[in-house]
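The structure under discussion appears below in the form of structure tokens.
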Amino acid sequence: MDDNNNNIEFYQTIELHIRWSDRQDLVLQVSPTETVSDIKKRIRTSTTHVQNKYLRLIHNGRVLQDKKTLKEYDIGKITFSDSKAKMEPAEPVYFHCSLSDYKSNKPSEANNQPQLTPPTGFDRLRESGFTEEDIGNIRTQFHRLHGTGYEGGNSEEARTLEEQWMENTNDTLPDGSK
């Protein structure tokens, strides 16, 4: 993610889809130079159901930091091919938006206890302050979209798929799609 490299170019605007666990996507036209905080402000002015809620934006399994620009996450980067065909338009980018009641920045006591095994899959999101309800919603949506039939159980296969998705950089999802 070296945006000082002059060989890296970014689109001027990209189509950003904000995914919710309970409603249709919100689609915004954004610039890669905008910060995550800027995007959150635009979300707040575009929809009313986020008032008095704490927003977390997730992309490729990572909670995005407010002060960073989309460029710093390589979002909107132009990928050049060796062919002489014209440049492809920017592909849409998808962020998952998690909403919760505001919590203080202090980590909860439960997250400070030693663990025998490190958390895997979406359980890792607890370390970023996600509630059990947030994690459950993300998990349910993920398994519904991937057809893995997660029914609230704790199967090793489900955690492996979640872990693969959390570690995914930008290439393909565990099911092979983009």
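- Checked by atom type, the side-chain pair D134/T131 shows a donor-acceptor distance below 3.5 Å.
- For Y94, the ring pair (Phe, Tyr, Trp, His ring centres under 6.0 Å) criterion is met by H17, not counting sequence neighbours.
- Under the 3.5 Å distance criterion, the side-chain polar atoms of E15 are left unmatched by any main-chain donor or acceptor of L28.
- Of all the heavy atoms in L55 and K40, the pair that sits closest is O-NZ, 3.0 Å.
- Between the Q141 side chain and the I138 main chain, no donor and acceptor come within less than 3.5 Å of each other.
- Geometric assessment of R62 against the ring of Y73 yields a negative cation-pi assignment under the 6.0 Å and 45° thresholds.
- In terms of the side chain to side chain contact (heavy atoms under 4.5 Å, CB included) criterion, residue partners of K77 (sequence neighbours excluded) are, by chain and number, I8, F10, D74.
- The two residues P32 and G76 come nearest to each other via the heavy atoms CG-CA, 4.2 Å.
- Checked by atom type and distance alone, the side chain of K68 never pairs as donor or acceptor with a backbone atom of T35 at under 3.5 Å.
- Residues F142 and L161 share a closest heavy-atom pair of CZ-O, 3.8 Å.
- In this structure, the side chain of R44 engages the main chain of V50 through a donor-acceptor pair within 3.5 Å.
- Here the closest non-hydrogen pair linking H49 and T47 is ND1-OG1, 2.8 Å.
- Annotation: H96 is not in aromatic contact with W20 [ring centroid separation under 6.0 Å not met].
- Applying the 6.0 Å contact sphere to CD of Q51 captures more than 12 heavy atoms from other residues, nucleotides or ligands.
- Grouping the Ile, Leu, Val, Met, Phe, Trp and Tyr side chains by contacts below 4.5 angstrom, directly or via other members, places I78 with I14.
- A salt bridge between E163 and R124 is present, with a side-chain N of the basic residue lying under 4.0 Å from a carboxylate O of the acidic one.
- The backbone N or O of Q29 lies less than 3.5 Å from a partner atom in the side chain of R42, making a donor-acceptor pair.
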